[in-house]
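One structure is given here, and the rest of the page talks about it.
Each chain gets a letter, A, B and so on, in the order the sequences are listed, and its residues count up from 1.
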Amino acid sequence: MTDEKIIEMFWARDERALDETQDKYKDLCMYVGAQILASNEDREECFNDLLLSLWNSIPPEKPKKLRSYIGRSMRNHALNRSRDNNAWKRGKNFQTVGEEFLLTVEDGHSLADGFEAKRAGEAVNRVLDSVGKDDRRIFIMRFYLGISVADISRQIGFGESRIKASIQRTRKKIAELMKKEGIII
Amino acid sequence: MNAEIRFKDKRLLEALEYIDEKYIDDVFDFLKDPVYSKGGQMKISPFKHWRHYLAAAACLLVLALAMPLFTHLPEIINSFAAGWGEGSEYSETEIELCLANVDYSIFTTELIDEINAAWKEYRGDNDVMFENLEALKYQSHSRYLGTYNGYLIFTYDLSNKITGYEQFCYTANLGIYTVESFAYKDGNFITLSELYESGNISYLDLCEIFDKSYEMLDYYQITRDTEERIKLTVPKMPELKLNQRIEKKILKALKEYMPKFHNTEFKTYEAYITDYYGAYNGAYVFKYKSPEVTYNFSFGDYYYETVEDINFLYRYSPVNRPYSFDNVCSCTRIYVYYDGEIFSLSYAYTKGILSYDDIKTIKNYHTMYFPYMIDEFLEDEEYKKHMTINTLN
């Protein structure tokens, strides 16, 4: 079933929309959740929370791209649960993602000092605009979804060193841009 | 990981909330083909339909019929290899190997001088590409990557000289940082981008150069001063050999302790002891590797562990590559087996299993096994701050 049809069903308050969403996107959501939460039960619960939040938010919302809307929501649910559980240490990958990202730090300041999330996010977007398709995918897979370097390597088909090099360079560019725009310092 | 870092993580993740939806969608689009298994691990399954099984069966049949051919396979490969030249079919394995076998024999002192003069003219400063003939093989900021269609290709790390991300440019959508790669011929330098655009090298050559330049990234970490220091600091220690009976005991204990150390949910464990650091009053000190742990440790490059004033710098190395400094592909850190249990090095010291002198001896072995893992990197406060691994018990 197409995404448009599923959204129409949500708007019509047709409960089959939930079944269709589950059939179509549960695997993706479980994969996104697995990068953040170690426990399968937690992931299942998050997915149920996600279905409920979709039911409550559509309508009034009408996502342009249902897949990314669902993926983003699942990620946020999983992150919230992870924080609630104080389960950072149990997550497979995310505990290091933050640390890796912090390495964009320069001149003894961390990105979190004087932090402006929106400006920082926009700067990240500008850099992602400027890099190649593969570099962009690698960055998002690593930092947004928290997928391990080994997994990214398997999926993209590059060696792990190339993946790391790509991450390193994108990070460096982000740091340079943020420094230039006064976001860090 | 302390609470402060967790707090910072949370704020950083907020910034990523603003990533453009089209990029996220592109990634999901990219991920849509593989099958997501129940546990969240992604598996790529070629068999989604009964016809795929049929096709696989047909392939097996063809292979079985072609079996006699395999007895002559070495000769066939050799005959192909004879015609294998530059710009031939791209193979990642081939490239990793050919990087190790870059031919430096064409270089003479005169050629180096000629290249340096051209480089000075091209860059308009006093930097040289290679200090001397020997520097060809170890110089960290510039490397020779091979000759393509008569052009000598070099990488040159300009990261300290060029600032601003906009100055990086791309070639053929490969993401090659052309400002870092240059081609030399007849006394002139041009960028790799210009070389490609002039049609003098193929796209496949470009791919090959791209891979080689990434190989070199590892090397950028090491300066010549570091090389000199390494020569002075590597100790000579007596050879150590681990008893097979003890090895079995350690591997048995690892099966029990690996989940605890690595917070994994893996059910099966394969482990190999890669480095042995000696026995100290019943405590056996070692490093090991395991596919599962490799998976878990594949973040970042360096980690360090401190015992009193002694630092152990660990480096993750994903594959056994020609230019990996710790090319035993170890899982990074040192562990201690004592009385059926496994401890981290620092915890074993805290518990009194190892003395300070033991730690010093272990450090000597570590320096001997991994000469590049000297304290050079620890002078960087950022590494100290962010790359400390938790003390595990």
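Taken to the nearest 0.5 Å, the NZ atom of Lys64(A) stands 12.0 Å off from the CG atom of Asp25(B). Interatomic distance, OH of Tyr69(A) versus CZ of Phe28(B), reported as 13.5 Å (0.5 Å rounding). Atom NZ of residue Lys133(A) and atom CG of residue Asp26(B) lie 7.0 Å apart, to the nearest 0.5 angstrom.
Between the side chain of Asn125(A) and the main chain of Asp20(B), a donor-acceptor pair closer than 3.5 Å is present.
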